[in-house]
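Working notes, beginning with the structure itself.
For the single chain, residues carry numbers from 1 onward in sequence order.
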Amino acid sequence: MLAENDEVYIRSVLGRELTPLEAAAFENLWSEHCSYRSTRKFLRTLPTTGEDVIIGPGDDAAIVKFSDDAVLAIAMESHNHPSYINPYAGAATGVGGIVRDVISMGAQPVGIQAPWYFGNLAEERTKWLIRNATAGAADYSNTINVPVLSGYQMFDESFSGNPLINVVCFGMMKPNRFMFGKAFKPGWKLMLFGAKTGRDGLGGAAFASGDISKEAGEEGAANTCVEGHPEIEANLIAATLEMFERKTILACRDLGAAGLCGASSEMCVDVGARIFADAVPLGDSEMSVTEILLSESQERMLAEIHPDKVAEAEEVCARYGLSCAVVGETMGSDRFVVEFGGGVVCDLPIKLLAGGAPEREFPLRPYAAEMPFVRPEGSLRELVLAVLSHPDLADNSMHASQFNSQAQGRTYAVTPFYSVLEVEGRGLSLACGCNARHTFLNPYAGAANTVLELASHIVSVGGMPFCALDNLNFGSPENPEVMWQISEAVKGMGDMCRILHVPVVGGNVSLYNGSEAQGTCVRPTPAMAMFGKGDLIGWEWPDVGDSIAIVGETRAELGGSVLDAVTGCGGAAPDVGGVAALPVIRDLVEKAQVSGSMAITRGGLLYALVNLAAQARVTIKGDAVTKLFSETYGRFLVTFSDEYFLKESGLSYEVIGKITADGKLTIETDEETVVLTQQDLFMAGSSITRACRAR
């Protein structure tokens, strides 16, 4: 229901009572999910402009320049609450919705990323969520032939009651050829096309603006979940892009949160709109006007179209088997009017409805969560295997293999850390994610290091980061500690983006990620997606005999590490990492002066060794626990045949060993020598597969 103080305020502005449709419209469009009421003041502090930014935050997707001949449309969203209730449909429609945000700008979708967060893998529900979310997203993306590339997986108890299903999509188009999501011409028609409108998804925006309650559970919230139809989406993509190329439509917007009400009021905020609700093609003839306007049925688009182009649009839609109808018109006024059953059922100032929600102020309360470091018990070998077996680091191919990462033929490389696409002979590099355990312990440094981590992955393949998206996943803003997390995280994110000259061109805010039913609140997760560009760098394993070095200083920063997750050792969380190595590493990679490069992040040096130098002999001097497991940011593991270039780079580094051909990773320390065979590494890395197959 509409909050009482909001209803009082709206009545005072209008000078009258609200109709049922108007009250429902405000409830959804003034929700946190749609209006960002408690976070707008923080988001305004982020850097959003740059030489490659054509359209920044505010539209369905951002537009950024990749080259003189190609621009990208990029967008990021969350489908967290629906995916807890129905993971198959939630993840599938998360993919479908973000793809429509990209095609609404006139871009051909070419790739998807998926940073996902789940609870304890030992719980049956977590396994069920993973299996079904993966299947839903894979079935949808494969059907529409868009590759799912690099993702990010994290497992933590805090996500047990509310998994995070974030999705990124990016598309390509020619320069100076894109649509906007806002109508400009009074007297033009508003056309709804795609699937028919049904009762599914009612109140989805309001549902996403509250904790998953005990009362709702799986059954009570089921009506807010929607089913996806990827075969319709495939036709919708083709039809939208054809009408865009033929200049049949002028502006376009995806029907997402708050359905037709949200899309039409946001699209027409500068010109006003009159909606003919009786004209909406329905899948259920008994729907009320409120249901028609607020349904979040999938695979629907709203377009601004010249009256003379209506027949042309109808012909295209008919050819692709899509429903199509003129459901309104732009007015050249400041009103949002809905007609139904021969009368006016809604007449509102459009700027009040779309964008007029007053900001909400909630108190902030800092906290301290770091615990003193206690050296974990057990041999070094036992700790090494425990860390490598943690699902954060384990092989996820059991699920990732369900996605067609090679769709469309542009995919150059896919790894757990980054992906690269070939675009006009150049490399478009991608990375996404966020370490929520670090951000919980130190929201400012954790968010800053999120930016740094993604940039480090991109430069490790020779890319230059040029833009980023965010998806701020937090608990209830009514919790003062959560509001402090948000304020600190956005500061950290913004400060590091300014240091690296990476603008945040769009994103999403997802609050109330918690479960009253399970008594959980997610760790703060300001997930990001970053894009880079550079030459295509051929990837080959380092040669036998190549040297191995750590670049950068390793600090005793074990709080929130994977070692901490498996042993509870505590310790200081990573401080903001240094950035000096990034441009130098990129230069070394681009000029092939190193044979291998990998950012040292989750799992510390140990995990980097397993991925870059799984057959090697290394010597660790000093405290082996810190050296192997610390997750200090801004460091790299590199391999090389000629140390000259590293010496000349000016970087601080330490040579620790050489690549071998004996099939083993041998780690010599002052206290113990650990020998890891390929079978050891396989067994540790298969923990997700073994857990999900267990019954």
Quiz item: Would a distance-only check, ignoring hydrogens and angles, find a side-chain to backbone donor-acceptor pair under 3.5 Å from Glu296 to Ala258?
Solution: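 Here the side-chain-to-backbone pair exists.
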
Practice problem: Could you tell me whether the side chain of Tyr607 and the main chain of Leu393 form a donor-acceptor pair under 3.5 Å? | Solution: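 Side chain of Tyr607 to backbone of Leu393: a pair is present.
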
Side-chain heavy atoms of [X] within contact of [Y], under 4.5 Å:
{"X": "Met528", "Y": "Glu453", "value": "no"}
{"X": "Asp60", "Y": "Met105", "value": "yes"}
{"X": "His79", "Y": "Val167", "value": "no"}

Exercise. For Ala135, check side-chain contact (heavy atoms from CB on, under 4.5 Å) against everything at least two apart and list the hits.
Key: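 If we apply the side-chain contact (heavy atoms from CB on, under 4.5 Å) test to Ala135, skipping adjacent residues, the hits are Tyr88, Gln402.
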
Self-check item: Partners meeting salt bridge (Lys or Arg N to Asp or Glu O under 4.0 Å) with Asp470 (sequence neighbours left out)
Solution: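 With neighbours one apart ignored, the set is empty.
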
Practice problem: Classify the ring geometry between Tyr152 and Tyr117 as parallel (under 30°), tilted (30 to 60°) or perpendicular (over 60°). | Solution: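 Rings of Tyr152 and Tyr117: tilted, as their planes differ by 30° to 60°.
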
Quiz item: Will you find, in the side chains of Tyr444 and Asp495, an N or O donor that is under 3.5 Å from an N or O acceptor?
Solution: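 The criterion, which ignores hydrogens and geometry beyond distance, is satisfied for Asp495 and Tyr444.
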
Quiz item: Does Phe159 have its ring centroid less than 6.0 Å away from the ring centroid of Tyr84?
Solution: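 No, the ring centres sit 6.0 Å or more apart.
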
Quiz item: Per the side-chain hydrogen bond (donor to acceptor under 3.5 Å, both in side chains) rule, which among Asn471, Thr525, Asn473 passes with Asn80?
Solution: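 Testing each of Asn471, Thr525, Asn473 against Asn80, the sole residue satisfying side-chain hydrogen bond (donor to acceptor under 3.5 Å, both in side chains) is Asn473.
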
Quiz prompt | Shortest non-hydrogen contact between His390 and Val566, atoms and distance | solution =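 Shortest heavy-atom contact: CD2-CG1, 3.5 Å.
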
